[in-house]
Amino acid sequence: METDPQRMERIVSLCKRRGFIYQAGEIYGGLNGVWDFGPLGVELKRNLKDYWWRVMVRERDDVVGMDGSILTHRAVLQASGHEDTFSDPMVDCDVCKRRFRADQLAEPPAFFGLFDIVFLGNNDSHIGQTKRSAGGDSLADAKRKVKIQAAYIQPRETKDLRIDLESGKKGNRTPCCTHCGSDLSESEARPFNLMFHTQIGASSDPTSTAYLRPETAQSIFVQFRNVLDTSRKKLPFGIAQIGKAFRNEINPRNFIFRSREFEQMELEYFCAPEEGLRLLDYWLEERLKFYDNIGISRAKLHVLNVPDADRAFYSKGTYDIEYEFPFGVQELEGVAYRTDYDLTQHQTASGKPLDYFNEETKERFVPHVVEPSAGVDRTLLALICEAYDEEIVTAENGKSETRTVMRFHPRMAPIKVGVFPLLKNKPELVAKAREVHALLKPHMMTFYDEAGAIGRRYRRQDEAGTPFGLTIDFETLGERGDELRDTVTLRYRDSMKQERIAIGDLLTTLLPKVH
RNA sequence: GCGGGUGUAGCUUAAUGGUAAAGCUGUAGCCUUCCAAGCUACUGACGAGGGUUCGAUUCCCUUCACCCGCUCCA
């Protein structure tokens with residue numbers, strides 16, 4: 001699809017202008033890949049999370065919730081495989097821009113004769129050099145072997161050493177890019193730690209290392225036994241969680257789309273092995289319904305059936321739900337059939353049984369799991385991009401202007417209703433408007449505004465995405481007859497149409513629309 | 001991480017090696033009987049650090065952030 005950077009820029013600008021999203025630490029120059037949410041942003045985000053929790057947990061009999069800690073036991077992320085796959089030494093070629101990455105490979109270094117890799121340890125930073133052998137490997141083979149070697153040489157093993165892997169002696173030759181053959185003598189290999197780590201307690205020896213979780217899912221797997229034992233659930237059932245996760249992204253991009261600190265909405269739905277593939281399709285459909293119900297157009301969603309080669313090795317099926325952002329089609333949510341990989345890993349590593357006994361069939365097995373994992377911030381950005389609209393309105397005097405309006409689904413809109421006295425300098429109107437405001441406040445997010453001309457106040461709320469406006473006017477006071485007494489103008493954001501509604505009917509009319 | 005681009009008020013723009021200008025927005029007041037009307041006043045900026053200079057927003061260096069392309073995205 002065509003990208004539209006200008007549109008994205010205007011959206012970012014509106015997000016700041018109206019208080020949806022600010023850059024973190026902005027007055028100090030900003031912090032790369034980290035964002036704060038303002039008054040409207042936090043309401044929108046809360047509405048999104050609340051609705052997810054409602055349909056995924058509260059309205060279901062087969063899902064319970066939990067809230068795991070962000071600080072994570074190192075053993076958890078060793079067992080899950082994150083510690084290995086999230087910390088890779090990587091080498092860049094300055095000429096062809098290829099990058100070589102150690103990647104999930106733990107095979108013995110059978111190919112050492114084919115390459116030279118020289119690491120110069122320097123505290124935590126490393127200088128690495130690679131050279132393609134004279135063996136005439138195909139490019140793909142050569143790259144794969146470089147990865148294996150890089151994975152084998154862990155940073156902590158290379159203190160102040162120059163190792164010639166072929167001879168086992170210290171040495172050095174001119175290293176070349178395996179792709180284009182360029183001299184890589186000056187290229188650095190840096191370890192990329194995609195997980196944020198910290199120390200627990202005052203001492204900082206290696207045993208005190210803990211991580212900020214890179215996904216919420218692991219705490220669900222780790223607590224599977226406890227939830228199973230205390231919730232009285234039987235398979236199939238799910239455990240849901242919404243919470244922050246952290247990844248030290250190499251390259252944050254596209255506003256809040258790829259952030260280093262972000263929030264996930266994850267369900268781990270446990271089932272018998274033979275149900276996994278069916279439930280994968282079931283949850284895909286459930287999740288598509290969800291997006292429909294928050295106002296994200298089906299036409300802008302793409303479902304990608306992730307091909308075998310691109311899936312994690314333990315997954316027997318994965319769908320990516322993608323959205324057409326102004327900067328391209330990007331993933332909102334992954335729905336993955338993860339088999340029994342996670343529970344098995346934790347069962348093995350912890351030595352604690354994480355299996356399930358089916359009383360009816362007398363079978364004992366490690367449950368399989370289907371995981372719909374959605375990004376809160378990404379969905380939020382999709383909501384904003386979807387809602388953003390500019391329309392040309394022509395006034396009665398023939399003057400045209402652009403109306404910027406955020407067409408949020410009322411269920412998602414940060415502010416549900418604006419309450420306005422038609423005129424500020426008529427105390428009766430102001431008093432009545434405050435009464436109406438007080439009536440609605442306990443039930444929904446409202447905004448009271450009496451400043452300036454009424455048209456200006458409407459337009460301000462259009463930019464905030466407030467779906468309904470209520471204006472208290474002279475009819476409300478009974479100056480146009482008793483039939484109109486205690487009725488107000490209800491103005492719709494999208495059409496700008498107006499109708500009269502009795503104050504007594506407001507709650508029963510508005511609440512279902514925003515629920 | 002590489003290459004390119006951009007940083008002046010909340011936004012959009014202007015000017016300048018010597019007190020940084022305006023429109024819109026915002027705030028307060030007046031006015032206003034339904035779509036950013038009008039009047040008055042006010043708030044508010046050279047991303048950060050260093051260098052050159054009598055003096056730097058302007059010239060130079062560094063750095064930070066954002067955007068685009070590549071790369072990455074378990």
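Chain letters run A, B, ... following the sequence lines, proteins first and then strands; every chain starts at 1. None of the values given here were measured: they were computed from a predicted structure.
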Can a side chain N or O of Asn251(A) be found less than 4.0 Å away from OP1 or OP2 on C73(B)? no
Per nearest nucleotide of RNA chain B, the residue lying toward the 5' end, Leu31(A) or Ser13(A), is Ser13(A)
Separation of U63(B) atom C1' from Asn32(A) atom CG, nearest Å, is 13 Å
Under 4.0 angstrom, heavy atoms only, what part of the nucleic acid is Gln23(A) near: base, sugar-phosphate, or nothing?
sugar-phosphate
Does Arg456(A) make a side-chain N or O approach to OP1 or OP2 of C34(B) shorter than 4.0 Å? no
Using the benzene-type ring in the case of Trp, are the ring centres of Phe257(A) and Phe255(A) under 6.0 Å apart? no
Next on the checklist: Less than 4.0 angstrom between a side-chain N/O of Asn254(A) and OP1 or OP2 of C68(B), yes or no?
Outcome noted: yes
inquiry  = On the side chain of Glu249(A), is there an atom forming a donor-acceptor pair with the base of C73(B) - under 3.5 Å, no angle test?
reply    = no
- Query: Are Arg457(A) and Asp449(A) close enough for a salt bridge, meaning some N to O gap below 4.0 Å?
  - Reply: no
Residues Glu249(A) and Arg260(A): closest non-hydrogen pair is O-NH2, 2.7 Å
**Message:** Tell me whether Tyr458(A) and C34(B) count as stacked here, given that the ring centres must be under 5.5 Å apart and the planes must differ by less than 30 degrees.
**Reply:** no
Out of C34(B), G10(B), C66(B), minimum distance to the side chain of Trp35(A) belongs to C66(B)
Among the nucleotides G10(B), A36(B), U33(B), whichever has the atom closest to the side chain of Lys16(A) is G10(B)
Problem - Arg491(A) bridged to Asp462(A) by N-O distance under 4.0 Å - result: yes
*asked:* Students often get this wrong, so: under 4.0 angstrom with heavy atoms, is Glu463(A) touching a base, only sugar-phosphate, or nothing?
replied: base
Think Arg460(A) has a side-chain N or O under 4.0 angstrom from the OP1 or OP2 of G26(B)?
yes
Practice task
Tell whether Arg403(A) reaches the base of C35(B) with its side chain through a donor-acceptor pair below 3.5 angstrom.
Solution key: no
Categorize Arg18(A) for me: base, sugar-phosphate, or nothing, with a 4.0 angstrom heavy-atom threshold over every strand shown. base
When the C1' atoms of U40(B) and U32(B) are considered, how many whole Å apart are they?
-> 15 Å
The single option from Glu266(A), Glu371(A), Glu333(A) that satisfies salt bridge (Lys or Arg N to Asp or Glu O under 4.0 Å) with Arg287(A) is Glu333(A)
key: Separation of the P atoms in U52(B) and U57(B), to the nearest angstrom   = 15 Å
Rounded to whole Å, the CD-P distance (Gln264(A) to C73(B)) equals 17 Å
Between Gly452(A) and Tyr492(A), whichever has its closest RNA chain B nucleotide further toward 5' is Gly452(A)
(Q) If you go through the side-chain atoms of Arg253(A), does one of them form a donor-acceptor pair with the base of G69(B) closer than 3.5 Å? (A) yes
Exercise. Can you tell me if the side-chain N/O atoms of Lys424(A) get under 4.0 Å from OP1 or OP2 in U32(B)?
Worked result: no
Assign Phe255(A) to base, sugar-phosphate, or nothing according to its heavy-atom contacts below 4.0 angstrom with the strands shown. sugar-phosphate
